[in-house]
Amino acid sequence: MTDTSASAASSASAAQRPTAVYVHGIGNKVRPELLKSQWDQALFGKDMGDASRMAYWASLRYETPLPDFRSDPLDGGPGSAAERVGPHGAEDPEEFILRTLGEAHFEAGERSGESPPGPVPEDALTGWLRNMVYLADTLAESGHDEGPGPGEEPLPEVLPLPRPARKAALRLLVQHTFKDVYAYFFGGDGPAIRDVLKKALDGLDSGPLVVVGHSLGSVVAYEVLAELRREVQLLVTVGSPLAITEVQDRLARPPAVPPGVLTWRNASDLRDLVALDHTLRPEYAPADRITDLLITNDSENHHNITQYLANRHVGEPVQRLFH
């Protein structure tokens, strides 16, 4: 083979290589290079170099990244439970709901330049917020501090924390989830966040494409792919709120599998507050392109991205495209 033909063959091979594009979820994150590496390690067990990209939008909402290797309190990793107790665990649930809604609306108004902000929209995802809060409190109470009584079966472990810390940790996830989603839909953050993913997809027109979205990142991935209508070999969503009716009502397009998506795998833990509703197939046609999966995520808040990506039902279909 001549040098020219070898070079052409190498270029053709490179053009056909698959690429994974990640879209992270709610809350602040570590710097983008480190976050991409963490997702690579969880999903593939190694750094993937230019075979993966991170659509990093946290910098649009947070001034500075989290310190390297600091436990992310919103990702269910190990951390100081005492730091998370604060007022959240002791507050009446309805008071917590009203305060969270008010803070989300005020912050969204500030970011969009509306000061003072107008009234809260009637379709402001309040029902979803209420359901998340009450499920959070139920999960917190389900983790007994004492063992089972005589003749009782032990309950599945929910969180390895004292009850007040469990409630606070779960309510913290609810609060940040709601505020980020509210800002996305009502605070004007949506277009800029979607642009981050569009830029990450630039130039990926040849080899097979895998898009992985976590939490709010799954909404971003869905909306961008529905708009661009580009071919995607595999869409993976984990811990996604896309099955929530109130979230579906805010989407730019009616629920349906994005035209270019060939296969969609949607995974969640039954205890994941952000997912809450776990089946996309009834609403997103054609249903035969979607596989809904219930898997185990035993992180503190059952929403941790590392545990989702490391689950074989999530990881193996992605890995097969890269072998």
Side-chain angles (χ1 to χ4, degrees), residues 23-29 55-63 74 88 91 93-136 170-199 213-228 237 239-256 258 272-277 280 283-284 301 303:
V23 195
H24 70 76
I26 55 123
N28 198 8
K29 302 298 174 192
Y56 185 89
W57 55 266
S59 55
L60 298 175
R61 286 190 47 76
Y62 302 92
E63 291 185 0
L74 300 179
H88 301 309
E91 197 171 6
E94 291 297 325
E95 291 177 359
F96 177 79
I97 290 165
L98 288 175
R99 180 171 63 81
T100 299
L101 177 61
E103 289 176 0
H105 184 60
F106 181 80
E107 292 170 11
E110 279 193 322
R111 291 180 61 82
S112 64
E114 185 183 358
S115 184
V120 175
E122 291 184 6
D123 57 345
L125 307 172
T126 313
W128 178 45
L129 171 61
R130 177 169 283 106
N131 289 337
M132 284 196 293
V133 170
Y134 279 97
L135 178 57
L170 289 167
R171 283 190 174 185
L172 185 67
L173 174 65
V174 170
Q175 186 178 61
H176 281 269
T177 297
F178 185 77
K179 286 184 176 183
D180 275 8
V181 173
Y182 194 95
Y184 178 84
F185 285 124
F186 298 103
D189 284 3
I193 294 175
R194 291 192 292 273
D195 282 346
V196 171
L197 176 55
K198 291 176 185 177
K199 290 176 181 175
H214 176 227
S215 191
L216 177 55
S218 68
V219 177
V220 179
Y222 171 80
E223 293 219 283
V224 168
L225 295 179
E227 176 188 348
L228 297 183
T237 52
S240 172
L242 280 168
I244 306 300
T245 300
E246 288 176 289
V247 171
Q248 293 174 8
D249 290 344
R250 299 303 308 172
L251 298 173
R253 292 166 178 78
D272 188 336
L273 301 168
V274 180
L276 209 59
D277 190 336
L280 297 177
E283 289 88 18
Y284 291 80
N301 62 18
H303 191 62

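Heavy atoms only: backbone and side chains are in, while hydrogens, waters and symmetry mates are out. Keep in mind the model is a prediction, meaning the values are calculated, not measured.
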| message | I'd like to check Leu276 versus Asn131 (side-chain heavy atoms, cut-off strictly below 4.5 Å). Are they in contact? | response | yes
| Between CD of Glu246 and CH2 of Trp128, what distance do you get to the nearest 0.5 Å? | 9.0 Å
| note | Output for pair (Asn301 CG, Asp272 CG), nearest 0.5 Å, gives 7.5 Å
| Looking at CE of Met132 and CD1 of Ile244, how far apart are the two atoms once the value is rounded to the nearest 0.5 Å? | 8.0 Å
| remark: Pro254 and Tyr222 have their tightest heavy-atom pair at O-OH, 3.3 Å
| Any side-chain heavy-atom pair from Tyr56 and Val23 closer than 4.5 angstrom? | no
| Roughly how far, to the nearest 0.5 Å, is CD of Glu91 from CZ of Arg171? | 6.5 Å
| query | Are any non-hydrogen side-chain atoms of Leu280 and Leu242 less than 4.5 angstrom apart? | reply | yes
| field | Atom pair CG/CG of Leu273 and Leu135 - distance to nearest 0.5 Å | value | 5.0 Å
| Salt-bridge criterion met for Glu103 and Arg99 (N-O under 4.0 Å) | yes
| request: Output all residues satisfying salt bridge (charged side-chain N to carboxylate O under 4.0 Å, His left out) with Glu227, sequence neighbours left out; order by chain, then residue number. | output: Lys198
| query | Are Tyr134 and Ile97 side-chain neighbours, meaning at least one heavy-atom pair lies under 4.5 Å? | reply | yes
| request: Keeping the roles fixed (side chain from Glu223, backbone from Ala252), state whether a donor-acceptor pair exists under 3.5 Å. | output: yes
| message | Which label fits His24 and Trp57: parallel for a plane angle under 30°, tilted from 30 to 60°, or perpendicular past 60°? | response | parallel
| What pairs with Asp189 under side-chain hydrogen bond (donor to acceptor under 3.5 Å, both in side chains), at least two apart in sequence or on another chain? | Arg61, Arg111
| note | Scanning both residues in full, the closest heavy-atom pair of Ala136 with Val174 reads CB-CG2, 4.2 Å
| query | Which pair of heavy atoms, one from Gly25 and one from Ser215, lies closest together, and at what distance? | reply | CA-CB, 3.7 Å
| message | Measuring only between side-chain heavy atoms, which start at C-beta, is Leu101 closer than 4.5 Å to Phe178? | response | yes
| If you take all heavy atoms of Leu216 and Tyr184, which pair is closest and at what distance? | CD1-CG, 4.1 Å
| Ignoring hydrogens and geometry, is there a side-chain-to-backbone donor-acceptor pair from His214 to His303 under 3.5 Å? | yes
| note | Correct closest heavy-atom pair for Gly188 and Pro191 would be O-CD, 3.6 Å
| Distance only, no hydrogens: is a donor on one side chain within 3.5 Å (strictly under) of an acceptor on the other, for Thr237 and Ser218? | no
| query | So, for Ala104 and Lys179, which heavy atoms are closest and what is the spacing to 0.1 Å? | reply | CB-CG, 3.9 Å
| Heavy-atom check, side chain of Pro241 versus side chain of Val219, under 4.5 Å | yes
| Can you check whether Leu60 reaches Ile193 side chain to side chain, under 4.5 Å on heavy atoms? | yes
| message | Nearest 0.5 angstrom please: Leu125 CG to Arg130 CZ, how far? | response | 12.5 Å
| field | Side chain proximity check, Tyr182 to Glu107, heavy atoms < 4.5 angstrom | value | no
